[in-house]
Amino acid sequence: MEAILAGIGDAVTPINLFYIAAGVFTGIFVGAVPGLNAPMAIAIAVPLTYYMTPLAGIAFLIGINKGGTYGGSITAVLLNTPGSPEATSTAFDGYPLAKKGKGLKALKMALYASVFGDTFSDIVLFTVAAPLALVALRMGPAEMTSVLIFSLTIIAGLSGSSLLRGLIAAAFGAFLSTVGLDIQTAEPRLTFGFVELEDGIPIIPLAIGLLALSEILIQIERHLISGGGGHHTIDVFGRTIPRENKVVLWAEWKGCFRTIMRSSLIGTGIGALPGIGAIVAGFLGYGAAKRASKHPERFGTGELEGVAAAEAANSAVTGANLIPLLALGIPGSLSAAILIGAFLIHGVDPGPLIFKDHPRLVYGIFAAMAVANLFNLVIGGVGLRFFALLVRFPESVIHPIIVLLCIAGAFATGNSMFSVAIMLVFAVLGYFMRKLDFSFATFIIGFALGENFEVFFRQTVILFADRPAELLARPIVLAFLALTIWLLWRTGRRGSRAARG
Amino acid sequence: MRRADIIAGLVLALAGLITIFVIVPREIGGSAHIGIAPDVFPLTLLWMLTALSVLLFALRLADRRSAAEGPPLELHNFAYIGVTSIVLAAGFIAIATLGFLAGGAAIVAFTMLAMGGRRHAVRVALVSVLAPTAIYLVFKHLFTVFLP
């Protein structure tokens, strides 16, 4: 109880409140600019948190994540182009509503549903993570190895379009995590004589290159090919638009409440499973709302319930994504994988021990998440007019600035140009991964999990090398290995069925 | 994605084999006095990577249904990423030798001009000067990061 109160007290200090607000503002900002998204911004912002306290830094990044999830809906509604991939299903009804002159109503409903879904999922995180961590603490290296194998398989199978490509990406990511000094003998591995590589490939420049710069390279290429046609935005603030089209009426909110609750549950469930992510949650929430509606034919033509369903579901993933990260040390999403880097630079190892070693920090993060939801509501509401203007920002100005921010962010990681070089190499690799449809999310998660995976794997081999049959007497190991085999079989079968049309 | 998968599977399988038989023996010692040798885990992953790549190659080769698909990477993509890599390397050298302000200005100006900024010369000039300066000052004063 003492740790909980101390954590809450830490989160509401003026400086931490400032960083949370700054994070939420940055998140909505990048979400509202077409082509930028929250994971990209988190990757660039992680090096900046070096100079903050652990709580301020992580709260800042979580603020970006929360703001970014809502921010993506602004372009979805105004441009019919989701600012972030998870807002794709928001555009289905958001844009038609905007065309009907109800864009502001759609944006406000998106904000309310997003904050509700996010808060719901945070409450589940607060109540579930600590008990789950207690269970995880009872697991030995063999159990953790099997959990990691299962997690990587589920991430590989669900986060991309092909299980095989996903597994290759995960194995490649885990392999690159072995660069650096060997954990047991301290012998350099695959360093090619570079002293800078003895600590391993730094995850932050890698993530900036793969996530941010490679995406910008793809967008610049698209711009060069298409000639960069301008966006056509809809004015949602016009004085001629009647007031009832600019606000969410109580009856409308009440009418959407069941849908928002259902979507929040769906999003939370999806978020707690590693690898599925907010895009799928948005579609599932939208689909469930359509199936449950008395007027499914209205969906896609400008139904407010459609916006509420998609936004509540995709935002509910944000908090639940931290359940596997905090309870098991397994990142459930791309953002969570980058957050591992943020935890590590502050000397905190995310996983079940975090509740024992850093309880004050954990409860501080929980309190900061609750505050971030409040800020999301306030900043998102008050700044709507400003954020709506951002969608008109020319790409030819935004993209060069992002390239420069990537370079500065990578440099800040190690105060050396070596980090910048690593970032550039992974940007080019990311370009090819995107073009060839290899999941870079799976690659980064494989990389982030690689070190722990090796530790547990080696401990398991040492413990059971001369008595492997004992592994068969461990029910958790057997259960997770059986689940992995079932998942491989099922995903492989579904893939071959899809290939047959 | 059939053709892409065939090429990617082949390239990755070859890269995996080269790493297993040439790079790992040179770059990782294969023995330890206690416990497990340092190369065991990387080799396990590499064999898995190679086997999966061979499987990808073989499965897509056998699948002739989607043979009519065009390649995901065409010549202009290779030309673009080739030129971009040279520009990024030049930008890297410019920042390392001239500093972030001058190198950054060059990168911004080049990118803006490449993206059709020739019609907005004043905008290009302003952004090229202001953006690196603003980033430099924010990093220096707010985050105490001294960019080169």
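Convention: sequence-line order gives letters A, B, ...; per-chain numbering from 1.
- For the pair A:Leu224 and B:Ala114, the tightest heavy-atom approach, listed with the atom from each and the gap, is CD2-O, 2.9 Å.
- Interface residue B:Ser53: backbone and side-chain heavy atoms are both found under 4.5 Å from chain A.
- Only the side chain of B:Thr19 comes within contact range of chain A, with heavy atoms under 4.5 Å apart.
- Using modelled atom types, one side-chain atom of A:Arg189 and one backbone atom of B:Pro38 make a donor-acceptor pair closer than 3.5 Å.
- Heavy atoms of B:Leu56 lying under 4.5 Å from chain A belong to its backbone as well as its side chain.
- Only the side chain of B:Met48 comes within contact range of chain A, with heavy atoms under 4.5 Å apart.
- Rounded to the nearest 0.5 Å, atoms CD (A:Glu395) and CE (B:Met112) are 12.5 Å apart.
- Residues B:Phe92 and A:Ala421 come closest through the heavy atom pair CE1-N, 3.7 Å.
- Residue B:Leu113: no heavy atom, backbone or side chain, is found under 4.5 Å from chain A.
- Other residues, nucleotides and ligands contribute over 12 non-hydrogen atoms within 6.0 Å of the OH atom of A:Tyr51.
- Only the side chain of A:Pro394 has a heavy atom closer than 4.5 Å to any heavy atom of chain B.
- At least one side-chain heavy atom of A:Ile220 sits under 4.5 Å from a side-chain heavy atom of B:Tyr80.
- Taking all atoms of both residues into account, the shortest heavy-atom contact from A:Glu187 to B:Ile28 is OE2-C, 3.8 Å.
- Counting heavy-atom pairs under 4.5 Å between each of B:Leu43, B:Thr50, B:Leu55 and chain A puts B:Leu55 at the top.
- Listed options A:Ile462, A:Thr178, A:Leu404 were ranked by heavy-atom pairs under 4.5 angstrom with chain B; first place goes to A:Leu404.
- B:Arg123 touches chain A through its side chain: at least one heavy atom from C-beta onward sits under 4.5 Å away, while N, CA, C and O do not.
- The contact between B:Leu12 and chain A is made entirely by side chain atoms (from C-beta outward), counting heavy-atom distances below 4.5 Å.
- Neither the backbone nor the side chain of B:Phe110 comes within less than 4.5 Å of any heavy atom of chain A.
- Interface residue B:Ile135: only side-chain heavy atoms are found under 4.5 Å from chain A.
- For the set A:Ile183, A:Asn415, A:Leu424, the count of heavy-atom pairs under 4.5 angstrom toward chain B peaks at A:Leu424.
- Contact annotation for B:Phe139: only side-chain heavy atoms (C-beta onward) come within less than 4.5 Å of a heavy atom of chain A.
- Separating the CZ atom in A:Phe175 from the CG atom in B:Leu49 is a distance of 8.0 Å, to the nearest 0.5 Å.
- Interface remark: A:Phe192 contributes backbone and side-chain atoms alike to the contact with chain B (heavy atom separation under 4.5 Å).
- In this structure, the side chains of B:Ile95 and A:Phe411 stay at 4.5 Å or more apart for every pair of heavy atoms.
- Of the atoms belonging to B:Val127, it is side-chain heavy atoms, and not backbone ones, that fall under 4.5 Å from chain A.
- At a 4.5 Å heavy-atom cutoff, the contact between B:Ala96 and chain A is made by backbone and side-chain atoms alike.
- Annotation: the span from B:Ile36 atom CD1 to A:Gln459 atom CD amounts to 9.5 Å, rounded to 0.5 Å.
- Distance check, rounded to the nearest 0.5 Å: CG of B:Leu45 to CZ of A:Phe453 gives 6.5 Å.
- Note: B:Asp5 CG to A:Arg165 CZ = 4.0 Å, rounded to the nearest 0.5 Å.
- The CG atom of A:Leu217 sits 6.0 Å away from atom CG of B:Leu88, with the distance rounded to the nearest 0.5 Å.
- Of all the listed residues (A:Ser396, A:Ala427, A:Ala169), the one sharing the greatest number of non-hydrogen pairs under 4.5 Å with chain B is A:Ser396.
- Between A:Phe432 and B:Phe78, the ring planes are tilted. Angles from 30° to 60° get that label.
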